[in-house]
2 protein chains.
Amino acid sequence: MAATIFDVAKHAGVSIGTVSRVLNNKDRVSPATRERVLKAVRELDYHANAFARGLASQESNTLGLVIPQVNDPFFFQIVRGVEDAATDEGYSLLIASQPRPAREHRYLDLFRRGNVDAMVLVAIDVYIHEIQQIAARGVPIVLAQQDVGKNIPAFLADNYSGSRAMTEHLLGHGYRRLAYIAGTNYTPDSRERLRAMQDVLAEHGLSMGPEYIVPGDYLQDSGYRAMLELLQRPVLPEAVFAANDQMAIDAIRAIQESGLRVPEDIAVVGFDDIPMSSYVSPALTTIQQPVYEMGWHAAKRAIAMIGPEENVEERTLASPRVMLLPASLVVRKSCGC
Amino acid sequence: MAATIFDVAKHAGVSIGTVSRVLNNKDRVSPATRERVLKAVRELDYHANAFARGLASQESNTLGLVIPQVNDPFFFQIVRGVEDAATDEGYSLLIASQPRPAREHRYLDLFRRGNVDAMVLVAIDVYIHEIQQIAARGVPIVLAQQDVGKNIPAFLADNYSGSRAMTEHLLGHGYRRLAYIAGTNYTPDSRERLRAMQDVLAEHGLSMGPEYIVPGDYLQDSGYRAMLELLQRPVLPEAVFAANDQMAIDAIRAIQESGLRVPEDIAVVGFDDIPMSSYVSPALTTIQQPVYEMGWHAAKRAIAMIGPEENVEERTLASPRVMLLPASLVVRKSCGC
DNA sequence: GCACATTTTGGAGGCGCTTGCTAGAATAAA
DNA sequence: TTTATTCTAGCAAGCGCCTCCAAAATGTGC
């Protein structure tokens, strides 16, 4: 049986109240007693029981993290950022993958029981009312890589600026006929990226016909299929901008298999900067998102929002609700550089 | 304030003991009362407080997972396996990355406080005595991708068989002069893989000179450097077996940059089957490890070992201590197929 | 050395739940 | 019907810690 606070108190010749106080350095305790208690703690190898502490203090010192059930290095990076920030603040991490249909909202149950003091939701499909239901219980929520509005803080990559930079880079190469392979239709990310592209084109007196905007779904095959479709056009595009790297890489494959060269015949660029992008041939020019930082900031923010239930809302609104993290151009070979 | 068991009891007109019993379906409760209680639970949207439950029952229903602080898809897969298994058993997951120097043994503290009922340690460097210290507190420990002996169950990939299969495959191609790019020297993985290779060669009356065994460290540059070294040999190897895919991919790059072709001039194969391996050119022939399964089995085993402190040891030894999961050959292009 | 302000410490109540014990209800056996 | 046996459900004692309140110790100014 592990030592309890009672054992420590007895061993140090003080009351449990005093032990508790030095452990949580709340009220003042005289240096002499403090040292006696600390010594006892060391000698007994005492570690406060997290349940008792949680029950008594109504705080778990734990951060909940929900991520999609997807095998993507992208998310791993976010987790690392969140974990570092949480550790930094003395918080533990409780992780749940997005529910498969069979266990829907499992994480909700989990976190709803008062297990976590705050939570970070990464790019997952949740309904606003679910989030608000949790927030209503006084558990701060922060979103990453996703935004639902409604006073829920969100950390996003600056898709618009990133996409603008990329488009300008392509125009700088002299390309005029651009094409876009979109991500899943309804995601704001993909829409933002397209909007930036069209804005830049317009500013240069150019435009992109609808036949050069083909749908994809961010996954492997869709990039390949989309590119095949673009290759059917009577006039081929000079450069293709894919909404993510995965699709860009598959588009390159489609182009190469059709006997054309990248970037000589058609330039291809992506978005995300996944590890693979520097390994494909030609190496992919893309946009790097500050994924780790996104997780880090989201976690810090979530923890900062922890506090008395009464003024959650107030604290929520104290800082900007949406934070756009810079997305930067990574120039490699596939753009023609 | 969330509803407590007391609220439910009052609402259902029973005692809290009864509510607890229907919630944990331990002792028998008459169907009528059970239904009344369940109804109250639903109406009040009651969720048992995990701390109170943990404190009273001395169980956390949580599985601890420690993984290296490495950004590797490999570990992500393991986490998924562990998570699925844990969820399956009604357990939550508390995750800790391997401590950076500054926060050494942080996870130990974390888990030692009685936060977790069992733990899975993945490929991390811990000292045996630390593990035993935890085990001594009655917390079952299972290792994955690592083995320290001493009665601690371990789940490993069958490196020996996998490497044998690969070596035989290479010999089947007619290659006779093989080379090996080793992983970090002291890891048993790398040693096992090399041993299998040498055994197969010996069985065919062949051998590999020490000048064809070069050290690497599993990371990017080392594969490149190692290959450069191999390219200095007066007689070049016909096939190179790298201890992991990352190094194999970099070896390919080194070969190609030196003006030679893969696999025509030198064949290259790896171990792990990371996602990138099917994308490089030529696509990499490699060995696939059942990573997800490893996590899954390790978690299941750890949970199965939970129980009264007295007979932890007994339960530990009830099943085989070391489990080797099959590693299978994935044939692509880089071997010459 | 005294009265009073201030700092430090002890102690008890309570956080929400599990569980062994027991009384009462229901059923079976006599 | 009475007695013995099984079910069912209430009660209360914790689980280990935090925190408020009051008591004790220490310090201050006169």
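Just so it is clear: chains get the letters A, B, ... in the order the sequence lines come, proteins before strands, and each one is counted from 1. Keep in mind that this is a model prediction, so the values were computed, not measured.
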Problem - d(CD, Glu59(B); C1', dT19(C)) in whole Å - result: 13 Å
Name the pairs: protein N/O against N/O of nucleotides 9-14 of chain D, kept only if under 3.5 Å.
residue : atom : partner  : partner atom : Å
dA9(D)  : OP1  : Ser30(B) : OG           : 3.0
dA9(D)  : OP1  : Thr33(B) : OG1          : 2.7
dA9(D)  : OP2  : Ser30(B) : N            : 3.0
dA9(D)  : OP2  : Thr33(B) : OG1          : 3.1
dG10(D) : OP2  : Ser15(B) : N            : 2.8
dG10(D) : OP2  : Ser15(B) : OG           : 2.9
dG10(D) : OP2  : Thr18(B) : OG1          : 2.7
dG10(D) : N7   : Arg21(B) : NH2          : 2.9
dG10(D) : O6   : Arg21(B) : NH1          : 3.3
dG10(D) : O6   : Arg21(B) : NH2          : 3.3

Fill in the blank from the handout: salt bridge (Lys or Arg N to Asp or Glu O under 4.0 Å) filter on Lys10(A), not counting sequence neighbours, yields none
Handout entry: Distance, rounded to the nearest Å, where Ile5(A) contributes CD1 and dC15(D) contributes P
Key = 14 Å
Completion exercise
note: Leu55(A), atom CG; dC17(C), atom C1'; distance rounded to Å ~ 8 Å
Practice task
Answer yes or no: is there an ion pair linking Glu89(A) with Arg301(A), defined by an N-O contact shorter than 4.0 Å?
Solution key: no
Practice task
Tell me whether the OP1 or OP2 atom of dG16(D) has a side-chain N or O from Thr4(A) closer than 4.0 Å.
Solution key: no
Exercise for the section: Let me know the distance between CG of Asn49(B) and C1' of dG16(C), rounded to the nearest Å. Expected result: 6 Å
Fill in the blank from the handout: Asn61(B) CG to dT18(C) C1', in whole Å, measures 13 Å
Fill in the blank from the handout: The side chain to side chain donor-acceptor pair (under 3.5 Å) partners of Thr18(B) (sequence neighbours excluded) come to Ser15(B)
Handout entry: Gln58(B) CD to dT18(C) P, straight-line distance once rounded to whole Å
Key = 13 Å
Exercise for the section: Check the distance between dC15(D)'s C1' and Asp7(A)'s CG and give it to me in whole angstrom. Expected result: 14 Å
Problem - Qualifying residues under salt bridge (Lys or Arg N to Asp or Glu O under 4.0 Å), relative to Asp189(A), sequence neighbours excluded - result: Arg193(A)
Problem - Below 4.0 Å: OP1/OP2 of dT18(C) and any side-chain N or O of Ser57(B) - result: no
Practice task
Just jot down the side chain to side chain donor-acceptor pair (under 3.5 Å) partners of Ser57(B), sequence neighbours excluded, or say none.
Solution key: none
Handout entry: Separation of atom CG in Leu23(A) from atom P in dG16(D), rounded to whole Å
Key = 15 Å
Exercise for the section: Could you tell me which residues satisfy side chain to side chain donor-acceptor pair (under 3.5 Å) with Ser20(A), sequence neighbours excluded, listed by chain and number? Expected result: Asn24(A)
